Amino acid sequence: MAVPYKHEPFTDFSVEQNRQVFQAALTDVQSKLGQEYPLVIGTQRVTTEEKIISRNPANKAEIVGMVSKATKQWADKAMEAALQAFETWRNEPVEARAHILFRAAAILRRRKHEFSALLVKEVGKPWKEADADTAEAIDFLEYYARQMMNLQRGIPVESRPGEHNTFHYIPLGVGLIISPFNFPLAIMAGTTVAAIVTGNTVILRPSDRAPVVAAKFVEMMEEAGLPAGVLNYLPGGEAEVGEYLVEHPKMRFISFTGSRAVGCRIYERAAIVQPGQKWLKRVIAEMGGKDAIIVDREADLELAAQSIVASAFGFSGQKCSACSRAIIVEDVYEQVLNRVVELTKQLKVGNPEEQSIFMGPVIDQASFDKIMGYIEIGKQEGRLMAGGEGDDSTGFFIQPTIFADVHPSARIMQEEIFGPVVAFTKAKDFDHALEIANHTEYGLTGAVISRNRAHLEKAREEFHVGNLYFNRGCTGAIVGYQPFGGFNMSGTDSKAGGPDYLILHMQAKTVSEAF
Ligand SMILES: NC(=O)c1ccc[n+]([C@@H]2O[C@H](COP(=O)([O-])OP(=O)(O)OC[C@H]3O[C@@H](n4cnc5c(N)ncnc54)[C@H](O)[C@@H]3O)[C@@H](O)[C@H]2O)c1
Ligand SMILES: N[C@@H](CCC=O)C(=O)O
């Protein structure tokens with residue numbers, strides 16, 4: 001019997017000893033930069049000539065690692081390996097599968113700072129954000145292992161006299177995991193192990209902007225006892241490997257997390273039944289957001305300002321949950337705006353290897369250029385109150401940026417920027433604020449800062465987002481506590497880290513025996 005699930009505590013970096021241990025992990029990771037990582041296909045380690053080069057976004061001259069790049073031929077081999085492994089893995093007792101996840105969680109807990117330090121280097125996460133990413137990966141391992149043990153006997157159904165009915169879950173087959181750069185450990189690991197613990201085998205195609213941490217995770221899963229072929233590591237081109245495998249007739253399901261544009265394309269491609277395909281592919285697609293914090297007239301305004309700053313600029317706004325719209329009731333608009341500007345101007349931006357840094361770089365040149373483009377649009381659509389500048393000479397740094405007096409239909413209020421930019425808009429009253437909040441094609445997270453119970457209850461019913469928070473920011477869902485996923489164009493609302501997530505990776509079978 002496993003002890004009850006509890007989420008992994010975050011590291012307290014105000015403690016000197018914790019700071020020293022983390023600093024040592026950074027030094028250790030630094031000494032191992034630039035290594036090569038092969039593809040992992042069944043029992044084979046494959047080194048290809050062409051490589052994906054992973055660079056430190058805070059210092060683009062620094063190479064974090066070089067990862068072999070798969071082609072279609074290797075994708076076919078990975079499919080063969082995964083299909084073969086499925087024949088045994090599907091029958092592996094659930095307890096045995098769950099125990100591999102428990103062992104992996106224990107290893108990851110022991111190597112926590114090493115993984116977090118790698119996240120600092122590979123995607124530019126500040127210490128606290130990196131630590132939270134690793135903690136979340138541990139949580140997914142612990143939580144899904146327990147969930148699967150609960151589900152193994154299925155769910156009781158009724159039987160009439162003279163019959164015995166059962167209802168239980170069986171795996172689907174081979175799944176494709178496509179993960180984003182921004183939670184390159186937690187989301188990559190969570191989506192992978194959910195598919196595996198339910199008895200499927202997978203091909204993991206990690207983000208080409210964070211493939212090294214995924215390679216390390218795959219090594220760790222092997223160390224935890226995962227048999228060869230269950231998890232195949234296959235970085236490769238978006239079309240050449242990603243789309244090819246999405247369309248593969250033997251692919252049974254796709255678990256995608258990333259942008260709306262890519263998610264919609266995958267959804268569409270997966271819907272086409274290919275020659276020789278015997279099933280309708282299942283697609284889990286968790287996509288972008290245009291998340292809002294509403295501040296009411298009766299509210300703790302300091303809490304509101306702190307929540308907006310943390311949610312808008314944590315990890316440089318590169319969270320699907322990030323607050324990119326601040327909707328403030330007019331009576332308190334200037335006060336909240338001025339305080340947010342004041343707090344924002346105190347934030348330290350720089351290389352996140354330094355512990356005091358609040359905000360590091362954005363992920364790469366393309367992202368930098370896109371965000372700077374939106375800042376130019378913002379200058380036409382609103383009043384620039386803070387930031388607005390970027391520097392890509394050594395890394396991809398953008399100052400936390402605030403625009404005021406933006407129309408709810410403006411582009412920076414409608415399109416996902418995925419960077420440190422927040423737009424403020426004024427609402428006449430709470431109802432108007434709710435109307436503005438829902439005026440988006442997305443529906444991922446939202447928060448309301450209010451002391452008015454009736455308004456909170458109205459938001460509970462009418463604020464149309466998958467994750468709604470009261471009197472706190474709109475980022476930082478915890479596995480098992482706040483299952484995570486969004487409505488509308490934010491995806492299929494699969495609720496990662498929730499009680500029904502694993503079921504999406506299985507098919508239910510009813511057996512009725514007559515006596
Ligand atoms: N809803 C959620 O839970 C959630 C969580 C994290 C990130 N996101 C979203 O992800 C986005 C940021 O991540 P990103 O920049 O890595 O997203 P992205 O869509 O650019 O890439 C996601 C993954 O898809 C791959 N990919 C790109 N084109 C592809 C194609 N044609 N076929 C197959 N695979 C392809 C990428 O290499 C990457 O591995 C944001 O939009 C963010 O909101 C959503
Ligand atoms: N689950 C994370 C967001 C993941 C997307 O980027 C949060 O709740 O902030």
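Reckoned from all heavy atoms, side chains included, excluding hydrogens, waters and symmetry mates. Since the structure is predicted, the reported quantities are computational estimates derived from the model, not experimental observations. Both ligands and their constituent atoms are indexed starting at 1 by order of listing.
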Option of least heavy-atom distance to atom 17 (O) of ligand 1 (set: Ala186, Ser259, Ala322) = Ser259
For ligand 1, is there an N or O atom under 3.5 Å from any N or O atom of Ser179?
-> yes
the protein heavy atom lying closest to atom 41 (O) of ligand 1 turns out to be Glu416 OE1, 2.6 Å
Among protein heavy atoms, which lies nearest atom 9 (C) of ligand 1, and at what distance?
-> Gly258 O, 3.1 Å
Look only at interatomic distance and state if Ala239 has a nitrogen or oxygen under 3.5 Å from any nitrogen or oxygen of ligand 1.
-> no
Among protein heavy atoms, which lies nearest atom 1 (N) of ligand 1, and at what distance?
-> Met287 O, 2.7 Å
For Lys319, is at least one N or O under 3.5 Å away from an N or O on ligand 1?
-> no
Under 3.5 Å: N or O atoms of ligand 2 paired with protein N or O:
residue	atom	partner	partner atom	Å
ligand 2	6 (O)	Asn182	ND2	2.8
ligand 2	6 (O)	Cys320	N	2.8
ligand 2	8 (O)	Gly476	N	3.2
ligand 2	8 (O)	Ala477	N	2.8
ligand 2	9 (O)	Ser321	OG	2.7
ligand 2	9 (O)	Gly476	N	2.7

List in chain and number order the residues that pass salt bridge (Lys or Arg N to Asp or Glu O under 4.0 Å) with Lys128, two or more places apart in sequence or in another chain; answer none if no residue qualifies.
-> none
For atom 13 (O) of ligand 1, what is the nearest protein heavy atom, given as residue, atom name and distance?
-> Pro180 CB, 3.5 Å
Is it the side chain (CB and beyond), the backbone, both or neither of Ile187 that lies under 4.0 Å from ligand 1, heavy atoms counted?
-> side chain
Ile363 contact mode with ligand 1 (heavy-atom cut-off under 4.0 Å) | neither
In ligand 1, the atoms that come under 4.0 Å of a heavy atom of Phe256 are 19 (O), 22 (C), 23 (C), 24 (O)
Has ligand 1 got any nitrogen or oxygen that is less than 3.5 angstrom from a nitrogen or oxygen of Arg265?
-> no
Establish, yes or no, whether a centroid distance under 6.0 Å links the rings of Tyr501 and Tyr144.
-> yes
Examine Phe484 against ligand 1 and note whether any of their N/O atoms are separated by less than 3.5 Å.
-> no
Using the side chain to side chain donor-acceptor pair (under 3.5 Å) rule, collect all pairs that involve residues 357-371, keeping only residues at least two apart or in two chains.
-> Arg209-Asp364, Gln365-Asp369, Gln365-Asp392
Measure up the His113 and Phe22 rings against each other and bin them: parallel (under 30°), tilted (30 to 60°), perpendicular (over 60°).
-> perpendicular
Flag Arg209 as yes when one of its N or O atoms lies below 3.5 Å from any N or O atom of ligand 1, and as no otherwise.
-> yes
Closest approach of any protein heavy atom to atom 12 (C) of ligand 1, naming residue and atom = Phe418 CE2, 3.4 Å
Only heavy atoms count here, so choose which of Met188, Glu243, Glu238 is nearest to atom 31 (N) of ligand 1.
-> Glu243
Is there any N or O on Thr257 that sits under 3.5 Å from an N or O of ligand 1?
-> no
Non-hydrogen atom of Phe183 closer than 4.0 Å to ligand 1 | no
Starting from atom 29 (C) of ligand 1, find the nearest protein heavy-atom neighbour and note its residue, name and distance.
-> Val262 CG1, 3.4 Å
Atom pairs and distances, donor-acceptor, side-chain atoms in residues 235-243, under 3.5 Å, two or more places apart:
residue	atom	partner	partner atom	Å
Glu243	OE1	Arg265	NE	3.3
Glu243	OE1	Arg265	NH2	2.9
Glu243	OE2	Arg265	NE	2.7

Looking at ligand 1, does Gln318 have a heavy atom less than 4.0 Å from it?
-> no
